[in-house]
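This report concerns only the one structure given below.
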Amino acid sequence: MSTDIFQAMAQSVIDGEKEEAARLARQAVTDGIDPLVAIDQGFVAGMRYVGEQYTLGEMFLPDLVLAAEAMKAAIAELEPEMARRGTARQVLGTVVIGTVEGDIHDIGKTLVGTLLSANGFKVYDLGVNVPLQTFLDKALEVNADIIGLSTLLTTTMINQRKFVQALEAAGVRSRFKVLVGGAPVTRSWAAEIGADGYSEDASGAVQAAIQLMQGG
Amino acid sequence: MAGNILSISQPRFRVQPLSETDIQRIHEATLHVIEHVGVRFPSPRALELWQAHGAQVDLHTSTVRAPAALIEKALRSAPPTFTLAARDPQQDLPLDGDHVFVGTDGCGVEVLDLESGQRRRSCLQDVADIARTADALEEIGFHWVPVSAQDRPAHTRSLHELCAIWGNSSKHVQTESIVTAHEAHAAVRLAEMVAGGPLALRQRPILSIMQCTASPLAQDGGSLEAALVAAEAGLPVGFMTMASAGSTAPATPAGTLVVGNAEVISALALMQLAFPGAPVFYAAAQTAMDMRTGGYTGGGPEDFLFGAASNQLADFYHVPLSMGSFATGAKLPDWQAGVENSLSTFMACASMADMLLGVGLLHGSRIWSYEQMLLDCEIFAIIRRVLQGIRVDEDSLALETIAAVGPSSHYLAQKHTRQNMRSLWMNRFFDRRPYDTWEALRDGPPDFARAKARQILASHQPQGMDERLSAELGDFLSYLDAEEPA
């Protein structure tokens with residue numbers, strides 16, 4: 001098994017070339033490489049490098065998003081093979097994410113979803129203008145660990161509070177961690193409504209999610 | 001006339017970052033985008049209007065693709081000038097292309113408390129206090145809803161905010177916090193009560209309404225329907241793009257202008273298709289994403305360029321412009337706030353944007369600061385003086401006085417000095433005291449501004465509203481509060 005292909009996989013993620021990442025993933029399947037090894041030694045290595053460079057301020061958010069997209073494309077190619085072998089990628093946790101009802105702002109929430117998924121979370125993105133019941137139904141269906149609620153409007157922020165209350169009313173509050181975000185949301189608001197996590201930006205949201213999974 | 005309100009008028013020089021060819025190319029690119037890529041209009045009423053006028057409408061995605069000729073024809077019916085009326089007619093604002101007026105920024109969610117200095121959640125009393133302060137400041141021409149009245153129910157919050165401003169100031173109100181047809185109907189009703197009926201409101205719109213687009217290339221359905229309600233009542237209506245280079249728009253400033261322009265002119269065209277001749281305005285606050293965090297920056301060289309370029313686009317379409325200037329990303333009234341707000345406002349003023357938004361908010365329009373509000377007013381006063389330029393005539397050349405003083409004397413004792421000294425700019429907030437004075441007190445511009453704000457709030461009495469009218473507005477608000485949220 002050649003290390004060249006692993007290096008090429010890492011490089012495709014670093015360069016954010018999703019067609020190339022997908023092509024290498026298909027080649028790995030053809031060559032009989034275990035998909036889990038391809039992910040860990042190839043694509044994840046690239047993602048880790050991008051994450052380090054981002055932290056150092058050398059790479060920018062678009063680098064991170066392009067890398068995450070390449071990673072996603074590769075994993076999509078590898079999934080059928082994993083299913084065939086009866087293996088599965090270990091995920092850090094399962095996240096249901098969306099923008100609350102009454103609000104159509106998409107980008108912040110999508111960015112958080114993309115970065116979570118690139119960092120090893122299984123993410124179900126419900127989109128925008130999502131009724132609270134839909135969050136709950138989906139979270140129960142996929143046995144989510146974390147539910148992420150985004151909002152950009154002060155008038156819809158209240159839905160974050162209502163959701164925490166709805167979880168309590170349904171007797172399932174302790175089953176899920178609630179992560180809140182959006183421009184008008186502050187740490188004090190998150191604390192007041194009893195959310196478990198909060199971040200002001202997308203990369204901080206990943207750290208917050210990791211902390212929640214570690215029980216922090 | 002703008003009464004006591006200070007505006008910029010007849011500037012001696014202008015800034016124009018785009019050439020005529022540039023403007024034409026941006027215009028053509030914009031029409032291409034609207035016709036071939038399309039803009040989302042997620043409102044049944046809007047889609048029907050577009051369909052009736054021959055645009056191609058994808059009902060599944062709410063995407064409208066409108067031919068260039070339709071957009072251009074619709075925009076031609078927009079009035080090039082109109083007046084924002086005030087409760088006090090002395091405070092009317094002519095949007096005639098020769099005035100720059102400043103408003104308060106909006107809509108923040110926290111306030112740096114004027115007494116404690118602590119950051120806290122905004123409430124209705126803040127809206128009232130800020131409006132009263134703004135009423136007293138000559139640099140402020142009109143109000144936005146400065147902060148959100150988070151202690152009022154979500155479904156009537158925007159209406160409480162409006163009434164709080166009317167109750168504390170006789171200046172024009174432009175609301176940016178009404179985002180449903182239901183709220184817009186109620187706002188029109190309230191404005192009619194204040195103006196003295198539907199016809200009086202149409203003739204003297206004391207209220208205008210500003211909606212945000214949802215970049216890239218989309219509108220918000222509720223905002224569209226609210227705007228249509230307002231336009232039907234004769235209220236001036238604007239659409240603001242906040243396209244952000246790198247995230248909700250291309251990473252190139254030209255591309256960002258195209259995306260934002262497509263959002264704004266397609267929305268304005270829709271208003272014209274629905275109500276030909278309705279007063280509309282272009283509104284813009286483009287920016288560039290912070291490449292490291294993805295965050296909203298609220299200032300930077302690209303923003304400053306957008307500030308001047310947007311007015312060239314609005315002029316090209318013969319509609320007034322409401323331009324996002326000030327609105328620093330800084331956390332405090334500090335060096336960053338001074339740099340960002342001075343340069344953004346200079347560029348917007350030097351291109352003669354009609355309305356500037358706005359003074360007082362920090363941290364990318366999230367946190368209200370009275371200190372910043374007054375310091376922003378001072379920035380505007382400085383820029384206003386700069387744009388008055390240098391008068392060169394017999395009196396200002398001062399040859400007689402120069403001859404009278406001769407070499408090596410001074411001008412302090414000259415009548416010419418006394419006659420002209422008050423036209424030199426007077427400082428309110430710079431620290432120009434002796435060093436020893438500063439060393440003993442260790443205070444500075446934000447402290448001076450805070451003291452002034454406290455003084456205004458302690459003493460300023462706005463032109464009050466008729467008591468019966470106040471009571472009627474209150475009754476109507478109570479009725480609306482009791483309604484089930486729509």
Side-chain angles (χ1 to χ4, degrees), chain A residues 51 53-66 68 99-115 127-129 151-162 181-193 199-207, chain B residues 40 42-43 62 106-110 118-123 145 147-158 161 177-180 183 212-216 218-223 242-249 251 289-296 298 363-367 485-486:
Chain A
Q53 292 300 305
Y54 176 78
T55 308
L56 291 171
E58 295 295 326
M59 282 184 139
F60 296 162
L61 190 63
D63 293 313
L64 208 54
V65 174
L66 281 164
T99 303
V100 300
E101 189 162 22
D103 192 345
I104 51 129
H105 292 91
D106 198 23
I107 185 166
K109 173 271 304 168
T110 304
L111 193 54
V112 171
T114 302
L115 295 188
V128 299
N129 195 19
T151 183
L152 191 83
L153 308 173
T154 54
T155 47
T156 50
M157 250 166 82
I158 191 76
N159 284 330
Q160 294 180 333
R161 184 202 294 271
K162 283 185 184 163
V185 177
T186 59
R187 189 167 295 285
S188 73
W189 169 255
E192 181 186 316
I193 65 171
S199 165
E200 231 180 301
D201 62 23
S203 57
V206 174
Q207 297 313 314
Chain B
R40 289 194 65 214
S43 141
S62 306
C107 181
V109 292
E110 294 183 302
Q118 295 299 305
R119 182 165 58 96
R120 57 169 174 76
R121 193 169 302 153
S122 59
C123 63
V145 175
V147 293
S148 181
Q150 293 171 84
D151 54 346
R152 288 296 177 275
H155 70 291
T156 54
R157 187 174 296 166
S158 61
E161 291 162 352
S177 68
I178 284 178
V179 291
T180 66
E183 286 170 282
C212 275
T213 65
S215 306
Q219 316 288 351
D220 174 74
S223 296
M242 295 182 71
S244 178
S247 60
T248 57
M289 172 182 78
D290 182 273
M291 288 300 148
R292 296 211 163 90
T293 63
Y296 177 80
H363 189 37
S365 298
R366 291 187 190 96
I367 304 171

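Below, read A as the first sequence line, B as the second, and so on, with proteins coming before strands; counting in each chain starts at 1.
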Proximity breakdown for B:R157 and chain A, heavy-atom pairs closer than 4.5 Å: side chain

Verify whether one side chain among A:T151 and A:T156 offers a donor that lies under 3.5 Å from an acceptor in the other. yes

Name all residues meeting the side-chain contact (heavy atoms from CB on, under 4.5 Å) criterion together with A:E58; count only those two or more places apart in sequence or in a different chain, and write none if there are none. A:Q53, A:L56

Which atoms of B:S247 come close to chain A, meaning under 4.5 Å heavy atom to heavy atom: side chain ones, backbone ones, both, or neither? both

So which part of A:S203 gets closer than 4.5 Å to some heavy atom of chain B, the side chain, the backbone, both or neither? neither

Salt-bridge present (A:E192, A:R161; N to O < 4.0 Å): yes

Smallest heavy-atom separation, B:S148 atom then B:C107 atom, equals N-SG, 3.5 Å

Given that the side chain runs from C-beta out, which part of A:T186 has a heavy atom under 4.5 Å from chain B: side chain, backbone, both or neither? side chain

Sort A:M157 into side chain, backbone, both or neither according to what part of it lies under 4.5 angstrom from a heavy atom of chain B. side chain

B:R121 and A:S188, any side-chain heavy atoms less than 4.5 Å apart: yes

Of the listed A:I158, A:T154, A:L64, A:L153, the one with the largest count of heavy-atom pairs under 4.5 Å with chain B is A:T154

Only pairs of heavy atoms separated by less than 4.5 Å count here; which of A:P62, A:G57, A:A202 has the most with chain B? A:G57

Looking at side-chain heavy atoms only, is the closest gap between A:H105 and A:V128 below 4.5 Å? no

